[in-house]
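Worksheet for the structure shown next.
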Amino acid sequence: MMRRDFTETLFERDSWEEFYTYCQTNEHTRRAELIKLRQFIDCGGFLPWAERIRDGEPFPYPERAVLNKKGTAKKRVVFMFPDEAGIILKYFAFRLHAFDGIFADNLYSFRVNRGVKRAVSDILSVPGLDAKYVYKLDIHDYFNSVDPEKIIPMLREALGEEQKGFVAFATAFLRNPYVTEGGEVHPELNKGIMAGNPLSAFMANLFLSDMDWHFMENAIPYARYSDDIIVFADSEEELTGYREEILRRLSERGLTVNPKKVFHACPGENWDFLGITYRGGAVDVARASVEKLKGKMRRKAKALYRWKQKKGASDEQAIRAFLRHFNRKLYNNPNHSELTWARWFFPVITTDESLKELDAYLVSNARYLVTGKHGKSNYNLRYETIRSYGFKSLVHAYYETDRGGAKGTVDVAPGDTVPGEDE
């Protein structure tokens with residue numbers, strides 16, 4: 001089936017309207033971004049960009065940013081583009097979904113109608129799962145480690161002659177060495193495919209696609225979600241062979257493994273993948289994901305207690321602010337591009353064990369906002385009062401939620417990380 005070159009469709013209003021409709025139904029598009037996109041289309045803002053790309057003019061440099069992980073010393077480098085340039089890249093990323101069929105079924109990241117729920121479901125359907133040996137790994141700084149000179153010929157082969165114009169754009173885009181930082185332009189040696197860049201999702205899928213196909217064609221239980229990989233074997237010897245095959249292919253691509261996230265499990269032992277843990281037939285939120293969320297609750301409570309004291313705010317004001325913050329993060333965050341916590345986990349977990357723990361911890365930190373301490377005196381604030389201030393139980397929401405999962409959407413936005421699994 002012929003697909004017109006994406007750089008040609010940039011000129012067409014109908015193509016942009018199709019993109020806008022997609023964004024309207026995509027939970028990763030913020031309301032403010034949707035308004036900007038509507039204005040961009042209505043004023044014909046796409047036409048000058050289409051002409052610039054057709055004429056081979058340089059694309060704007062990305063802004064290099066270092067994101068700090070709250071409560072840790074960990075950092076992540078991402079690359080962000082100016083508003084209109086970012087819209088163009090998102091449009092191209094949308095069009096690249098037309099090539100989703102080139103990927104193996106055991107790849108679950110950034111794909112339509114697949115995602116985390118499908119990955120977990122497929123893994124749980126592996127015959128004799130509880131008798132398997134498990135090897136799980138995470139690729140270190142994957143997006144920024146991909147060699148542009150290796151991915152460019154792969155793009156050319158995968159997209160074919162029909163996308164000659166887009167491949168030319170992508171080639172110049174990837175080879176441009178410059179970034180802006182602090183208002184200054186300078187070369188950046190370790191850009192790779194640029195984490196945070198909307199095109200990086202497709203490229204991250206493509207770069208290791210041959211490895212995905214190898215395991216699929218040999219009927220080996222294996223799953224990849226971007227930089228997270230897990231494989232299952234019937235014996236330690238077999239698992240060693242699979243591990244060596246993966247490491248060999250990663251080395252050939254110039255990639256390295258994060259040693260802190262390498263995990264082996266023998267039959268019957270727990271294993272983690274994509275923020276969940278599997279034990280004895282049950283799927284729960286992984287301990288790392290639980291502790292990460294508890295850390296956020298703890299830090300937010302401390303910050304709001306200091307705010308309450310400084311501003312002379314009431315206990316009720318502080319508790320309501322605390323609960324509003326986590327209700328948005330957990331359930332319904334329409335103004336943030338990250339996947340909500342509940343939407344990631346509810347469709348895949350089969351037990352409420354960790355949810356009960358998190359409910360109790362959330363209530364404990366709400367009570368902390370009254371005294372600034374954790375102790376028995378905090379129980380003077382009744383549970384019913386906390387509920388009246390806006391507390392929503394994770395356990396209750398879990399059983400009340402349709403856990404069928406959204407269809408027709410991409411599971412997570414490029415540059416997002418698995419809850420509790422980010423470096």
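Quick caveat, the model's predicted, so the values are computed rather than measured.
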Item to complete: State whether a side-chain donor-acceptor pair under 3.5 Å links D359 with S393.
Response: yes

Fill in: Chi angles and distances behind the side chain to side chain contact (heavy atoms under 4.5 Å, CB included) call for I319, F391
CA-CA 9 Å; I319 294 171; F391 171 66; over 6 Å; no

Discussion item. Do F202 and H97 make a side-chain contact, defined as non-hydrogen atoms from C-beta onward lying under 4.5 Å apart?
Written reply: no

Practice prompt. Side-chain contact test, heavy atoms from C-beta onward, threshold under 4.5 Å: evaluate it for L330 versus L358 and give yes or no.
Written response: no

Worksheet, complete the sentence: Rounding to 0.5 Å, atoms CD1 (I87) and NZ (K36) come to a distance of 8.0 Å

Practice prompt. Flag the pair F92 / T7 as yes when at least one side-chain heavy-atom distance between them is below 4.5 Å, and no otherwise.
Written response: yes

Worksheet item: Can you check whether H214's main-chain N or O pairs, donor with acceptor, with N218's side chain at less than 3.5 Å?
Response: yes

Discussion item. Looking at every heavy atom in both P198 and K90, which two are closest together, and how far apart are they?
Written reply: CG-CG, 3.7 Å

Worksheet item: Among all residues two or more places apart in sequence or in another chain, which pass the ring pair (Phe, Tyr, Trp, His ring centres under 6.0 Å) test with Y305?
Response: Y368

Worksheet item: Do E18 and R95 pass the salt bridge (charged side-chain N to carboxylate O under 4.0 Å, His left out) test, and can you show the C-alpha distance, the side-chain angles, and the key distance before you say yes or no?
Response: CA-CA 10 Å; E18 184 181 354; R95 289 296 166 200; 3.2 Å; yes

Discussion item. Could you work out, with side-chain contact (heavy atoms from CB on, under 4.5 Å) as the rule, every residue matching F263, not counting sequence neighbours?
Written reply: K136, A265, W271

Fill in: Derivation and outcome, side chain to side chain contact (heavy atoms under 4.5 Å, CB included), residues L129 and Y278
CA-CA 10 Å; L129 182 63; Y278 176 86; 3.8 Å; yes

Worksheet item: Does Y383 OH have over 12 foreign heavy atoms under 6.0 Å away?
Response: yes

Practice prompt. Only pairs at least two apart or in different chains count here, so list each salt bridge (charged side-chain N to carboxylate O under 4.0 Å, His left out) that has a residue in residues 148-158.
Written response: E149-R175

Worksheet item: Under 3.5 Å, is there a donor-acceptor pair between the side chain of T350 and the main chain of A282?
Response: no

Practice prompt. Could you walk me through whether D234 and K132 pass side chain to side chain contact (heavy atoms under 4.5 Å, CB included), step by step?
Written response: CA-CA 5 Å; D234 292 324; K132 300 287 186 183; 2.5 Å; yes

Response to the item:
Closest non-hydrogen atoms of R298 and Y361, given as atom of the first, atom of the second and distance, are NH1-OH, 2.9 Å

Fill in: Flag, side chain of T9 to backbone of F6, donor-acceptor distance under 3.5 Å
yes

Discussion item. On a heavy-atom basis, which atom in D130 and which in G281 lie closest, and how many Å separate them?
Written reply: OD1-N, 4.3 Å

Worksheet item: When you look at S226 and F143, which way does the side chain to side chain contact (heavy atoms under 4.5 Å, CB included) test go after all the steps?
Response: CA-CA 9 Å; S226 189; F143 287 71; 3.3 Å; yes

Item to complete: Taking all non-hydrogen atoms of both residues into account, name the closest pair between I53 and L10 and its distance.
Response: CD1-CD1, 3.6 Å

Discussion item. Are P62 and N197 packed together at the side-chain level, in the sense that at least one heavy-atom pair is separated by less than 4.5 angstrom?
Written reply: no

Fill in: Side chain to side chain, T256 and L250, heavy atoms closer than 4.5 Å
no

Item to complete: Return the minimal non-hydrogen interatomic distance between I123 and F273, and the atom names on each side.
Response: CD1-CD2, 3.8 Å

Worksheet item: CG of L96 to CD1 of I102: how many Å apart, nearest 0.5 Å?
Response: 9.0 Å

Worksheet item: Got K296 and R299 here, is their nearest side-chain heavy-atom distance under 4.5 Å?
Response: yes

Worksheet item: Under 3.5 Å, side chain of R114 to main-chain N/O of D105, donor-acceptor pair present?
Response: yes

Worksheet item: side chain to side chain donor-acceptor pair (under 3.5 Å) between N270 and T277: does it pass, once the steps are laid out?
Response: CA-CA 7 Å; N270 300 354; T277 190; 4.8 Å; no

Discussion item. Is any side-chain heavy atom of F99 closer than 4.5 Å to one of L206?
Written reply: no

Practice prompt. Using the ring of F326 (Phe, Tyr or Trp, six-membered ring only), decide whether K300 places NZ or CZ under 6.0 Å from its centre and within 45 degrees of its axis.
Written response: no

Fill in: Any donor-acceptor N or O pair under 3.5 Å, side chains S354, D284
yes

Worksheet item: So, N144 side chain and A195 main chain: donor-acceptor pair closer than 3.5 Å or not?
Response: yes

Discussion item. Under 6.0 Å between ring centres: does that hold for F59 and F169?
Written reply: yes

Discussion item. Is it the case that the side chain of S121 and the backbone of R118 share a donor-acceptor pair, with hydrogens and angles ignored and the cut-off at 3.5 Å?
Written reply: no

Worksheet item: Can you tell me if D5 uses its side chain to pair, donor with acceptor, with the backbone of K164 under 3.5 Å?
Response: yes

Practice prompt. Look up atom CE in M194 and atom CE in M80, then write down how far apart they are to the nearest 0.5 Å.
Written response: 13.0 Å

Fill in: Geometric class of the F346/Y398 ring pair [parallel <30°, tilted 30-60°, perpendicular >60°]
perpendicular

Fill in: Spacing of D272 atom CG and R287 atom CZ [to the nearest 0.5 Å]
10.5 Å

Discussion item. Could you tell me if R111 sits above the aromatic ring of F103, with its cationic atom closer than 6.0 Å to the ring centre and no more than 45 degrees from the axis?
Written reply: no

Discussion item. Applying salt bridge (charged side-chain N to carboxylate O under 4.0 Å, His left out) to R38 and E33, what does each step give before you reach the verdict?
Written reply: CA-CA 9 Å; R38 182 71 268 164; E33 292 175 342; over 6 Å; no

Practice prompt. Calculate, to the nearest 0.5 Å, the distance between atoms CG and CD belonging to L247 and E244 respectively.
Written response: 8.0 Å

Fill in: Residue pairs, two or more places apart or on separate chains, that pass side chain to side chain donor-acceptor pair (under 3.5 Å) and touch residues 184-195
R64-E188, E181-H186

Discussion item. Under the rule for ring pair (Phe, Tyr, Trp, His ring centres under 6.0 Å), what residues qualify as partners of Y91, not counting sequence neighbours?
Written reply: W16, F19

Worksheet item: What do you reckon, is CZ of R387 surrounded by more than 12 foreign heavy atoms closer than 6.0 Å?
Response: no

Worksheet item: Can any side-chain N or O of T29 pair as donor or acceptor with the backbone N or O of T25 at less than 3.5 Å?
Response: no

Worksheet item: Do L323 and I386 have side chains that get closer than 4.5 Å, going by heavy atoms?
Response: yes

Discussion item. Test your reading of the model: is there a side-chain donor-acceptor pair from E269 to the backbone of R279, 3.5 Å cut-off?
Written reply: no

Worksheet entry | Non-hydrogen atoms of D210 and R249 that approach each other most closely | OD2-NH1, 3.7 Å

Practice prompt. Flag yes if more than 12 heavy atoms outside K392 fall under 6.0 Å of its NZ atom; otherwise flag no.
Written response: yes

Discussion item. Quick check against the 3.5 Å criterion: does D212 have a side-chain atom that pairs as donor or acceptor with the backbone of R224?
Written reply: no

Worksheet item: Is the shortest side-chain N to carboxylate O distance from K294 to E291 below 4.0 Å?
Response: yes

Worksheet item: Out of curiosity, I229 CD1 to K261 NZ, how far, rounded to the nearest 0.5 Å?
Response: 13.0 Å

Worksheet entry | Whether F215 and Y222 hold their rings parallel, tilted or perpendicular, with breakpoints at 30° and 60° | parallel

Discussion item. D147: which residues meet the salt bridge (Lys or Arg N to Asp or Glu O under 4.0 Å) condition with it, sequence neighbours left out?
Written reply: none

